[in-house]
2 protein chains.
Amino acid sequence: MSDPSFAPRPTLEDIAARAGVSRATASRVVNGSEGVRAPLAERVRQAVDELGYVPNQAARALVTRRNDAIAVVVAEPETRFFADPFFAQQVRGISRELTAHDNQLVLLLTEGAADYQRVGRYLAGGHVDGALIFSLHDDDTLPALARRAGVPTVIGGRPAWSDSETLYVDCDNRGGARDAVHHLLGLGRRRIGHIAGPLDQTASVDRLDGFRDVLPDADPELIVMGDFTPDGGARAMAQLLDHCPDVDGVFAASDVMASGALRLLRQRGLRVPEDVAVVGFDDIVSVAEWTDPPLTTIRQDIEEMGRMMARLLLRRIDPPEAGAALAPSTGAVLAGSEDASVPLSPIVTRTKLVVRASA
Amino acid sequence: MSDPSFAPRPTLEDIAARAGVSRATASRVVNGSEGVRAPLAERVRQAVDELGYVPNQAARALVTRRNDAIAVVVAEPETRFFADPFFAQQVRGISRELTAHDNQLVLLLTEGAADYQRVGRYLAGGHVDGALIFSLHDDDTLPALARRAGVPTVIGGRPAWSDSETLYVDCDNRGGARDAVHHLLGLGRRRIGHIAGPLDQTASVDRLDGFRDVLPDADPELIVMGDFTPDGGARAMAQLLDHCPDVDGVFAASDVMASGALRLLRQRGLRVPEDVAVVGFDDIVSVAEWTDPPLTTIRQDIEEMGRMMARLLLRRIDPPEAGAALAPSTGAVLAGSEDASVPLSPIVTRTKLVVRASA
DNA sequence: GTGAAAGCGCTAACAA
DNA sequence: TTGTTAGCGCTTTCAC
């Protein structure tokens, strides 16, 4: 009736004994150190195979202070996390990059502030070498918590505060927004509205700023608030139409809101892009390609951003050998997507206009 | 230029020194042991607060052999994992249950067999106390790998093999399928077809078996294969119609396939449920409620299944104190959803017919 | 009730 | 090149 399986795992000592060497030598072989004579090494390797030895990570971590594991913490209810293709793509990028560097991805889900304590303990407990944090709202305490836990951290998206310590990866929201508006302008549109996202997220603010960069004198009524949902986009579009019936172009701060806007325009019998041209932001393919008409939008390479986050964190955790002092590393860096080595500073990735049918 | 932050975390020794007690006593207080006099305990607690002490998990794990962390391993490309609301719900259930028991959920994503080695090392490395595994295909090696790693495991869905060691949680696929068919029969349908899922998954097989339980003499042409995608469902439906134009009821092995079938029926100008009644399986709300017409289906409580998996694993990891020998625990158990304590055996949850408009 | 001491499995000086 | 030794930070007998 009692536990039959789960025999105790062999230890390094067992390996050493079996191979007839010292624990130190066994350790060297297991960790691929140079300077162990071939025949000895061979015997150790054989012992490892025969006994199915796998190093005990707790013991190893205790001395090396390394886990080869990175936490991804998401400050969002799981529902949103799983529902949002944005996260999925980003996590995929992270996962791929970590895997390539033999690091394990540990996904920590939080469901409200109650979980933060637990996450804090987990981070401070030394389970992981670093953390990748997604916290969408400016007042979120997760970054502070990670900081207190003493864990190197990279944040997804530009945080609201700014200091020279904080590392983040974001896309060029402001530049992308400018491109969107310029595109509408290029189409001859002269009454261009903006459906903004919640302004407690820097991405929304930056996109709004980009809009204003190009249209500094825009009628205030042309700027309406949405909430990153389709319904919010529809409501915002309705408001826009009610206040400015002559609007002929709209830049929505997200594809999802743009899809809501398109729906409303259709309901009101307006043609897109003939009557009103619409540009979104994100290029969430499953949204932008399925709208009617397909959405012209600003693409951000989400998976690549995930990759960058991982790369940046790994570099932060163990800075490359000296000589790297060459790289200039002040302020955010506009990164091309093929950079193999990242500087130890915030990274801002380029965006790209993707023209489909809506504008 | 060099690492400025990340001061070393305080150790138990620091706490002990500060509180003027021995390490042992400090440890007792931290772990909530009885038998430490109040004033001492208070001093220790204060030191903990002041220094912001958090136990080093590696050190603790090294001696206790416990991590209070559970891995969830998904043998699916991440794309599918994130896209599928099924997983999301299940993970939510797991997450909630683990959190309630102060365990940390560690999500391990795999993207093909190459990742299996890494996962195997992670499991064998003693990072986690147990593993919850989802492997959808019969020939998947993940369960074997976990077994070799010596980690207690619970599997999501009935595995293809069977032995008394293996613990799993599944819904009553066969019984649910019978209910679906009986419902169609009750509606007066007499030519009932079945769109089956891939037969390398036990869920598909079980649902097919349930269909046959009720209709043992069904025309073989009434059984067609799908692949759990909408398109597959549509193709299967087309095939069914071509071979058996008089079909008046369909039981699809998943909501997603049912949605494809509905689409095809509409294309062919057939009315649902008047001409053909359709029943699905799963009750993925975001699918079943949005189809046209809304889908009658067999509901499985996915989140509850996730909860059960966690509960079962936790119980497997540390069996409750003696005296629990009372509980009979042979064979799979049909569980009501409110069971607080689970037996140490496979669990099969009930399904429920949800009648909407399609049948 | 409290402290001293041993040891979990491993790596990394340091010696040989 | 290899072995010896000393911990990493914690829990847990076992004396006191």
Side-chain angles (χ1 to χ4, degrees), chain A residues 6-45 47-48 51-69 121 124-127 129 149-150 318, chain B residues 6-45 47-48 51-69 121 124-127 129 149-150 318:
Chain A
F6 310 132
R9 304 201 56 81
T11 74
L12 194 54
E13 191 98 37
D14 299 332
I15 300 299
R18 178 152 195 148
V21 300
S22 74
R23 228 163 56 217
T25 298
S27 172
R28 287 183 189 111
V29 175
V30 168
N31 293 299
S33 293
E34 293 303 301
V36 176
R37 247 186 272 275
L40 274 200
E42 192 43 49
R43 260 155 57 203
V44 172
R45 249 174 259 121
V48 167
L51 270 46
Y53 171 76
V54 178
N56 178 321
Q57 291 306 324
R60 173 179 279 180
L62 189 54
V63 31
T64 60
R65 277 112 197 309
R66 286 294 292 278
N67 294 88
D68 297 317
R121 282 204 312 272
H127 286 280
D129 303 331
D318 54 22
Chain B
F6 311 131
R9 305 201 55 79
T11 73
L12 194 54
E13 192 98 37
D14 299 332
I15 299 299
R18 180 152 194 146
V21 300
S22 73
R23 229 165 55 216
T25 298
S27 172
R28 288 182 188 113
V29 175
V30 169
N31 293 301
S33 294
E34 294 303 305
V36 175
R37 248 185 272 274
L40 275 202
E42 192 43 49
R43 261 155 56 202
V44 172
R45 249 175 257 121
V48 167
L51 269 45
Y53 170 75
V54 178
N56 178 319
Q57 291 306 113
R60 173 179 278 180
L62 189 53
V63 31
T64 61
R65 278 113 198 307
R66 287 294 291 278
N67 294 88
D68 298 317
R121 281 204 312 273
H127 287 278
D129 302 331
D318 51 27

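Below, all heavy atoms of this structure are taken into account, side chains as well, without hydrogens, waters or symmetry copies. Within every chain, numbering begins at 1; the chains are lettered A, B, ... in the order of the sequence lines, protein sequences first and strands thereafter.
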Range on DNA chain C touched by chain A, heavy atoms, distance below 4.0 Å: C/dG9 to C/dA13
Considering all heavy atoms, the nearest B/V21-B/A26 contact: CG2-N, 4.1 Å
Axis deviation across the helix from C/dG1-D/dC16 to C/dA16-D/dT1, five-pair ends, to the nearest 10°: 40°
Residues that A/S33 engages under side-chain hydrogen bond (donor to acceptor under 3.5 Å, both in side chains), provided they are two or more places apart: none
Partners meeting side-chain hydrogen bond (donor to acceptor under 3.5 Å, both in side chains) with B/S22 (sequence neighbours left out): B/T25
Residues forming a salt bridge (Lys or Arg N to Asp or Glu O under 4.0 Å) with B/R23, sequence neighbours excluded: B/E13
Pairs flagged by salt bridge (Lys or Arg N to Asp or Glu O under 4.0 Å) wherever residues 51-68 of chain A is involved - sequence neighbours left out: A/R66-A/D68, A/R66-A/D129, A/R66-A/D318
Sequence neighbours excluded - salt bridge (Lys or Arg N to Asp or Glu O under 4.0 Å) pairs with any residue from residues 24-42 of chain A: A/E42-A/R45
Distance, nearest 0.5 Å, that separates CG of B/L51 from CZ of B/R18: 5.0 Å
Contacts of B/R121 that satisfy side-chain hydrogen bond (donor to acceptor under 3.5 Å, both in side chains) - sequence neighbours left out: A/D102
Residues within residues 20-33 of chain A bordering DNA chain D, heavy-atom distance below 4.0 Å: A/V21, A/S22, A/R23, A/A24, A/T25, A/R28
Interface limits on DNA chain D, where chain B has a heavy atom under 4.0 Å of a nucleotide atom: D/dG9 to D/dT13
Non-hydrogen atoms of B/N67 and B/A61 that approach each other most closely: ND2-CB, 3.7 Å
For residues 52-59 of chain B, which side-chain donor-acceptor pairs fall under 3.5 Å, sequence neighbours excluded?
residue, atom, partner, partner atom, Å
B/N56, OD1, B/A58, N, 2.7
B/N56, OD1, B/A59, N, 3.1

Contacts of type side-chain hydrogen bond (donor to acceptor under 3.5 Å, both in side chains), residue B/S27, not counting sequence neighbours: B/N31
